[in-house]
A.B. asks: 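The structure under discussion is supplied below as structure tokens; questions concerning it will follow.
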Amino acid sequence: MILTVFEWQTLLLSLKIAGVAILFSLPIGILTAWILARCQFYGKSLFDSIIHLPLVLPPVVLGYLLLLTMGRNGIIGSWLNHYLDISFSFNWQGAALASAVVAFPLLVRSIRLAIESIDSRLENVARTLGAPPLRVFMTITLPLAFPGILMGTVLGFARCLGEFGATITFVSNIQGETRTLPLAMYTLLQMPNGENAALRLCIISIALSLVALFLSEMLNRWHKRKLLGQ
């Protein structure tokens, strides 16, 4: 299937938005997952609930909250715009922010489960031998949690590609700027005789998701072979 200029533009924009969203979310997600898996503190249940709140809130509500906080006249957005000349309103950066917020719980949950499955005695032994906490994390926790990190990244990336409600509420549906694959499909379905074009985008979305899952599985197998020294 030969892609049209419109389809290429939409596909590349979707990949850019999803990629940037995951790139900036991943370090924060790993840290958050480690805190939830290894730390005990007052208010942990509340913190956990807030992290997973985007899973149960309607995406439109998330988009509206982003508009109130990160919009040009929002609580935080107005300060960023005035002092740092940073704006998330009606641009692809805002779409990436919306995607990151929606996908963040999936990212954290997968990584947290991976860290919790690691035998904590391995980390304790390294500490008793004099390894500092950062070295323990980088040489033991992170490599052993790699499959969970990889799965969380893939799930988050796929969720970013499929994000619709928060994006259209926060940054609207602007061709070439915020119109990702789901928004483009929605636009085509509102147009006369747009079903065939929407179907092509649907096929592209399915193919993209399958490729992401395939690469994830290949990387996971490579990592297992590496751990076994094969």
Side-chain angles (χ1 to χ4, degrees), residues 10 13-33 35-36 43-82 84 86-113 151-190 198 201-202 205 208-209 212:
T10 306
L13 179 62
S14 298
L15 290 173
K16 180 173 76 170
I17 289 174
V20 169
I22 290 300
L23 180 64
F24 283 92
S25 297
L26 189 57
I28 303 173
I30 293 174
L31 176 61
T32 303
I35 291 172
L36 290 173
K44 180 180 177 179
S45 296
L46 178 60
F47 179 65
D48 191 11
S49 299
I50 293 173
I51 293 298
H52 290 87
L53 194 59
L55 285 177
V56 295
L57 278 179
V60 174
V61 174
L62 291 174
Y64 182 63
L65 291 175
L66 284 172
L67 194 62
L68 292 177
T69 55
M70 303 301 294
R72 187 163 296 176
N73 297 318
I75 300 171
I76 301 174
S78 59
W79 184 88
L80 290 175
N81 186 44
H82 180 74
L84 301 178
I86 298 174
S87 176
F88 291 100
S89 298
F90 308 111
N91 54 43
W92 71 267
Q93 292 93 333
L97 176 62
S99 297
V101 170
V102 172
F104 192 71
L106 293 174
L107 180 70
V108 170
R109 189 170 183 82
S110 296
I111 300 174
R112 177 186 179 179
L113 291 174
M151 183 55 63
T153 301
V154 172
L155 288 175
F157 184 77
R159 183 64 186 87
C160 289
L161 288 176
E163 166 49 32
F164 176 83
T167 302
I168 198 171
T169 305
F170 180 39
V171 292
S172 190
N173 182 9
I174 305 172
Q175 171 62 29
E177 189 67 37
T178 65
R179 186 172 293 172
T180 56
L181 284 168
L183 272 67
M185 289 180 60
Y186 171 79
T187 302
L188 290 170
L189 289 173
Q190 307 307 306
L201 292 181
C202 179
S205 298
L208 199 60
S209 299

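Every heavy atom of this structure was used, including side-chain atoms; hydrogens, water molecules and symmetry mates were not. For this chain, numbers begin at 1 and follow the sequence in order.
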A.B. asks: For a side chain to side chain contact (heavy atoms under 4.5 Å, CB included) check, start with the C-alpha distance between T180 and E163, then their side-chain angles and the critical distance, and finish with the verdict.
C.D. replies: CA-CA 8 Å; T180 56; E163 166 49 32; over 6 Å; no

A.B. asks: Within the 4.5 Å heavy-atom criterion, are L188 and M185 side-chain neighbours or not?
C.D. replies: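 No. Closest side-chain heavy atoms not under 4.5 Å.
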
A.B. asks: For R179, is there any backbone N or O sitting under 3.5 Å from a side-chain donor or acceptor partner on E177?
C.D. replies: no

A.B. asks: Do you know which two heavy atoms are closest between A21 and A96, and how far apart they sit?
C.D. replies: CB-O, 3.4 Å

A.B. asks: Just verifying a value: how many Å separate L97 CG and I17 CD1, rounded to the nearest 0.5 Å?
C.D. replies: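 Nearest 0.5 Å value for the CG-CD1 distance: 11.5 Å.
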
A.B. asks: If you apply the rule side chain to side chain contact (heavy atoms under 4.5 Å, CB included), what do you find for D48 with R112, and how did you get there?
C.D. replies: CA-CA 11 Å; D48 191 11; R112 177 186 179 179; 3.0 Å; yes

A.B. asks: Does T167 reach the side chain of S99, with side-chain heavy atoms less than 4.5 Å apart?
C.D. replies: yes

A.B. asks: Determine whether more than 12 heavy atoms belonging to other residues, nucleotides or ligands lie under 6.0 Å from atom CZ of R109.
C.D. replies: no

A.B. asks: Roughly how far apart are I86 CD1 and W79 CH2, rounded to 0.5 Å?
C.D. replies: 8.0 Å

A.B. asks: Just by distance, do the side chain of T178 and the backbone of S172 share a donor-acceptor pair under 3.5 Å?
C.D. replies: yes

A.B. asks: Can you find a heavy atom in the side chain of F24 that is under 4.5 Å from one in the side chain of I28?
C.D. replies: no

A.B. asks: Check G29 against L107 and note the closest heavy-atom contact, atom names and distance.
C.D. replies: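 Nearest pair, atom of G29 first, then L107: CA-CD2, 4.2 Å.
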
A.B. asks: Taking atom CG of L53 and atom CG of L62, what is their separation to the nearest 0.5 Å?
C.D. replies: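 These two atoms lie 7.0 Å from each other.
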
A.B. asks: Quick one: pull up OG1 in T69 and OH in Y64 and give me the separation to the nearest 0.5 Å.
C.D. replies: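 T69 OG1 to Y64 OH: 11.0 Å, rounded to 0.5 Å.
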
A.B. asks: Flag the pair L15 / F157 as yes when at least one side-chain heavy-atom distance between them is below 4.5 Å, and no otherwise.
C.D. replies: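 Yes. Closest side-chain heavy atoms under 4.5 Å.
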
A.B. asks: Restricting to non-hydrogen atoms, name the atom on S89 and the atom on R72 that form the minimum distance, rounded to 0.1 Å.
C.D. replies: OG-N, 2.9 Å

A.B. asks: Please report the shortest heavy-atom distance between L55 and P105, naming the atom on each side.
C.D. replies: CG-CB, 3.5 Å

A.B. asks: Using a 4.5 Å cut-off on heavy atoms from C-beta on, say whether the side chain of M70 contacts that of L80.
C.D. replies: yes

A.B. asks: Output the distance between atom CG (L31) and atom CG (L36), rounded to the nearest 0.5 Å.
C.D. replies: 9.5 Å

A.B. asks: Between S78 (side chain) and G74 (backbone), is there a donor-acceptor pair under 3.5 Å?
C.D. replies: yes

A.B. asks: What closest approach, in Å, do G63 and F170 show between heavy atoms, and which atom pair accounts for it?
C.D. replies: O-CB, 3.8 Å

A.B. asks: Return the minimal non-hydrogen interatomic distance between F88 and V171, and the atom names on each side.
C.D. replies: O-CG1, 3.3 Å

A.B. asks: Got more than 12 heavy atoms from elsewhere within 6.0 Å of CZ, F47?
C.D. replies: yes

A.B. asks: Hey, could you give me the CD1/CD1 distance between I174 and I168, rounded to the nearest 0.5 Å?
C.D. replies: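 Between atom CD1 of I174 and atom CD1 of I168 there are 10.5 Å.
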
